[in-house]
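Comments concern the structure below.
To find a chain, count down the sequence lines: A is the first, B the second, and so on, and within it residues start at 1.
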Amino acid sequence: MTSVTANAAMPLLVIASSLIAGLAIFFLPEERVRWRSALNITAALIKLALVAAMLWGVANGREYEARFALLPGIDLMIRADAMAMLFVALSALLWLLTTIYAIGYLEGSPHRSRFFGFFSLCVTSTMGIALAGNLLTFFLFYEMLTLSTYPLVAHRGTAKALRAANVYLTYTLAGGAVLLVGVVWLYSLLGNVDFTQGGMMRALSRDAHPQLALIFVLLIAGLGVKAALVPLHGWLPVAMAAPAPVSALLHAVAVVKAGAFGIVRIVYDVYGVGFAASMGLLWPLALVAAITMIYGSLRALMQDDLKRRLAFSTVSQVAYIVLGVGLFGPLGSVGGLVHLVHQGIMKITLFFCAGNYAETLGLHKVGELNGIGRRMPLTTAAFTAAAFGMIGAPPTAGFITKWYLGLGATEAEMPWVIALLALSSVLNAAYFLPIVYAAWFKSPSDRWPQEARHGRFETDGRLLWPAAATGVLTIAAGLLAGTAMSPLNWAKFIMQLEYLQ
Amino acid sequence: MSERFAPLALALTPLIPAVFAMLSAWRPTRAGCVRLAPLAFFPAFAAVLPQSSDVWLGGMLLGTHLSLDPTGRMFLLLSAVTWTIAAMFARAWLADDPSHARFFGFFFGAAAGNLGICIAHDVVSFYSLFALMTFSAWGLVLHRRTAQAYRAGRIYIALAVLGEAALLAALLLIAASGVTELADVPAAVANSSARDVIVMLLLIGFGVKTGVIGLHVSLPLAYGATPAPGAAILASAMIKAGLMGWLRFLPLGQDLPGWDKWFVMLGAAAAFHGVVVGLLQREPKVILAYSSVSQMGLIMIGVGAAFAGPGAHELALSAVAVYAVHHAFAKESLFLGEALSRVARSRHWVLAGLALSAAALAGAPFTSGALAKHMLKDAVAPMPWADVLSNVLAAAAVGTTLIMCRFLWCVWRAPHVTSRGATGQAVVPWGLSLGAVLATGFILQWPAVSLTSLIDATWPVLLGVALAIGAAQRVRTSLQIPPGDILVPLERVLIAARKLSMPRMQRANLFLTWPAGSVERIERTLRSWNVVGLLLFLLLGLLLLMLAVQ
């Protein structure tokens, strides 16, 4: 039945830290700003400390696992393995930064208790997704994420926001339904679907293979909605109507990441990468990713709204993760997996910066950013670092991803992927460099649309420092990729486990 | 001392300029950075001197390895000298420019990359530092923020991104064989199944820097738009970074059939194209840019010779290295002198100095150019059509003389504004660069003087000068080719194509607006409830199917 030891308590506490904070915030009166902020930050810090401890433990071979029987023979399972920790560490760190950012961003606006309540729930679900030890647990938290994100997208209550939330729900619920079919079908075949390194399909007879292929398609299609794979990506650009911290959550911390992470789990820990490759399931995945990469970039080129451009860029960038999964071989897998982290820190930087431009000076369009570098140098520096990261220029995090994907392409005998990566670099440069160039070198207009003064820095410190921090991380993750605790090394550590099976 | 400090000097060579670049962006340290600018290159000099040493930084990038081999030492010396002189000149030249700190920020960034690639010994570090240099130099091109600078910047970055992408693809194909160290790269390329693709990608990727014909179009625009010290360093050290890339990555001496001919032909084409188009220019800096296209073409012939096979390639490599040093010093001196000539009080002296550098570039006897050309001639001797090639080289020497005469003439005729406070201080670095040109000539020349080599060096220069004088008196042409030559019609075609494909669209949002509408519609359809309903219906069908299977 229930087994909770000290090691089992750790992952549960990680989930509970934001759950409890979230519930408490719901009951906090709107005007208790200090209490709410203190609660938010404390919870985020506690979570980060717990995650750090667990990261150390997992690196040293400790196991953290908790099981609860849901039905006879069907367990809810929470477990922190190396793969889970990659996502948990990313989300915990970015949650802290996004919380600080959101406190500054929403200052003085209504319904903040509701916002931060759902915000915490959203992160709770993400932690659950990351730490889920079997497919059912994963699915439950995955749907919980859908529901807890809806009020955040709708938060502003404008017609545009409501429509965005509606589209979001349409897509994700439909995706969830498809996913459910796949999950149920798989359970009916296997009885129990625990995430196992190397997968658990080899035990099945060959007769089941056609079914397994069909289930694979269902699972990927269901997860592909959140991961914004073309043609299931339509909700993402619409959802940019949400406030900037929510965009950060959607694009970097939680939602698209949950979809991509789900695909990673399905391929590596349910099917097993070797098995999936032998069934010929990986190359179609790589192809879909390739189409998504190029399509997303082309659409990003067409956008004049900064956040919309960033949204299409996410469509393109998350496909890198899926591409890495689709490249059979440890190098490609490392590239895909490490991009889970890299894409997160780079994209959150860009959305923080876009939010800063909008909040501080009322700038929303790409064409309005002329000369912004002089007015907001630190924000623009962070934006520049992340933009170069997206292009994949060294020494940023994006380069490390591209390098491993490229090496993986040869390993998987798909050399066309190298051409694709080069093309993607060029396209990313085509829609990011004009912004960078206009920001630093064009002359600013005489007056900004809506200038708000914020203390002694270029903008409110709570908006500025998170952006600066993730900007620094973007460079550090690339420049110091060879160090022991870099995302790259962690991804290598995971892949060692997956391919040894 | 050298034993212990050599690794430190090696590590600091790119690091100190990088730190300077960052400090130039910060208000409190800005002025200090500019004042101490030349000191940023001290570690590079310190690293050139001692015996070889290795630095391994496992945590940096994918494991960084810094080291100094003979090729690297040559290029590091070349870069350290030219960057120091450019820094001194920039400090004086831009003293009145309110945004000179920004110039120095990009200047140091490019310097860190350029000095770094001389000592980088692993593929990823080389690529990273090369990219740092390329993107930082964009800031130098844009510095003046005029319409001319914006256009030059656009062309520069478009080609640079193309080059970086080609390079990334090439390096990925190389690294796929498990190679990480630069020393193992040429052999890996030679044995790779994608050998020809890799060589072509390297030709393009580094060719954007060296100005391979067709990719050379950004050079005249960039040199014209960049402030003098920036143009000087672009034309001297940074253009050599592309050459350095070829020397590091190409399988030279491995006997690659076909590629030697391609390099020689492309080089020869650039050598003549540069001369012909350069002669039709009026702006002195643009003339110098075309001269660079031409000179890099000659160097490319040397690189082609190095393909020829083992044995011959040693000779070709030393010729290429000497030519690179010679061209870097002479070109920097020409760019700095040209700038000074516009403001100096005693122009005659500046013109005399320019004439000296020009003579060196043309290969007059007792100059570095004479030896460089001589060595190049020896290098091509074992090649299949050596006779033709030696005639090509001689003709190119005549062409260089002509283009230098044209340059001096245009400098002489250029508008002149005396009195500028900073001129006095700018004379010193220019003098140093002139000294570097002369010193290289003397140091390299002593063992090589012979009567035949004297004659070989003399006649093309004399012929060139005679032709120039004759032409100045007789030839009057209104023919002009705009800077960037083939780029100009290309730009027109692009603009016309854009107009044709979307007649009524707003100009502000030109890029791909036409397909946007229809794609938008498709996406909206996908978002509608009907599609979702259909999806659910299909799902139900699947469920039934699943039950049937069970």
Side-chain angles (χ1 to χ4, degrees), chain A residues 167 170-171 173-174 177-178 181 184-185 188 211 214 218 231-235 237-238 298-299 301-304 367 377 381 388 391-395 399-400 402-403 406-407 409-411 415 418-419 421-423 425-426 429-430 433 437 440-443 478-484 486 488, chain B residues 25 57-64 102 124-125 127-132 135 138-139 142-143 145 149-150 153-154 157-158 161-162 164-166 168-169 171-173 175-177 194 508-509 511-513 515-516 519 522-524 526-529 531-532 535-536 539 542-543 545-546 549-550:
Chain A
V167 171
T170 315
Y171 266 82
L173 284 183
V178 176
V181 177
V184 171
W185 196 340
S188 72
Q211 282 189 61
L214 205 55
L218 282 177
L232 309 170
H233 65 285
W235 62 274
V238 179
L298 287 176
R299 294 287 280 131
L301 260 176
M302 303 172 193
Q303 309 304 324
D304 189 37
F388 275 100
I391 295 165
F399 166 69
I400 302 294
K402 224 159 231 186
W403 188 255
L407 296 183
T410 311
E411 196 180 46
I418 291 180
L421 290 171
L423 175 65
S425 281
V426 171
L433 286 185
Y437 148 74
W440 292 110
F441 285 97
K442 287 278 178 83
S443 300
L479 194 60
L480 304 175
T483 49
S486 71
L488 176 67
Chain B
L57 302 164
M60 186 165 274
L61 293 166
L62 302 176
T64 292
R102 188 184 62 200
V124 170
S125 303
Y127 179 61
S128 303
L129 289 157
F130 194 82
L132 175 64
F135 287 115
W138 190 28
L142 288 169
H143 177 76
R145 301 171 65 211
Y150 288 152
R154 255 199 321 275
I157 199 66
V161 166
L162 181 80
E164 291 290 315
L168 177 71
L171 300 194
L172 281 172
L173 287 170
S177 59
N509 196 9
F511 211 106
L512 293 172
T513 348
V519 175
I522 295 169
E523 288 197 352
R524 222 172 300 142
L526 281 174
R527 280 202 290 269
S528 72
W529 280 103
V531 176
V532 177
L535 213 70
L536 286 173
L539 214 70
L542 268 171
L543 273 168
L545 185 81
M546 185 182 112
V549 168
Q550 285 297 302

Please find the pair of heavy atoms, one from B:L168 and one from A:S425, that lie closest to each other, and give the distance. CD2-OG, 4.1 Å
Of the backbone (N, CA, C, O) and the side chain (C-beta and beyond), which part of A:L423 lies under 4.5 Å from a heavy atom of chain B, both, or neither? neither
Tell me, for B:L129 versus chain A, whether the close heavy atoms (under 4.5 Å) come from the side chain, the backbone, both or neither. neither
Chain A contacts, top residue of B:E164, B:R102, B:R154 (heavy-atom pairs, under 4.5 Å): B:R102
Quick one: CG on A:L479 to OG1 on B:T64, what's the gap to the nearest 0.5 Å? 8.0 Å
If you measure from CG on B:L162 to CD1 on B:I157, what distance do you get to the nearest 0.5 Å? 11.5 Å
Between B:F135 and A:F388, what is the ring plane arrangement, given parallel below 30°, perpendicular above 60°, and tilted in between? perpendicular
Per-residue contact mode, B:L142 against chain A (heavy atom under 4.5 angstrom): both
Under a 4.5 Å heavy-atom cut-off, does chain B meet the side chain of A:I400, its backbone, both or neither? side chain
Heavy-atom distance under 4.5 Å to chain B: side chain of A:S443, backbone, both or neither? both
Going by the rule side-chain contact (heavy atoms from CB on, under 4.5 Å), which residues pair with A:A381 if we only count those two or more places apart in sequence or in a different chain? A:W440
What residue in A:T410, A:I391, A:L480 has the most heavy-atom pairs under 4.5 Å with chain B? A:L480
Chain A contact via B:Y150 - which portion, at a heavy-atom distance below 4.5 Å: both
Taking every heavy atom of B:A169 against every heavy atom of A:A422, the minimum-distance pair comes out as CB-CB, 4.5 Å
Could I get the full list of side-chain contact (heavy atoms from CB on, under 4.5 Å) partners for A:P394, not counting sequence neighbours? A:F399, B:Y127, B:S128, B:A131
Side chain, backbone, both or neither of A:Y437 within contact of chain B (heavy atoms, under 4.5 Å): both
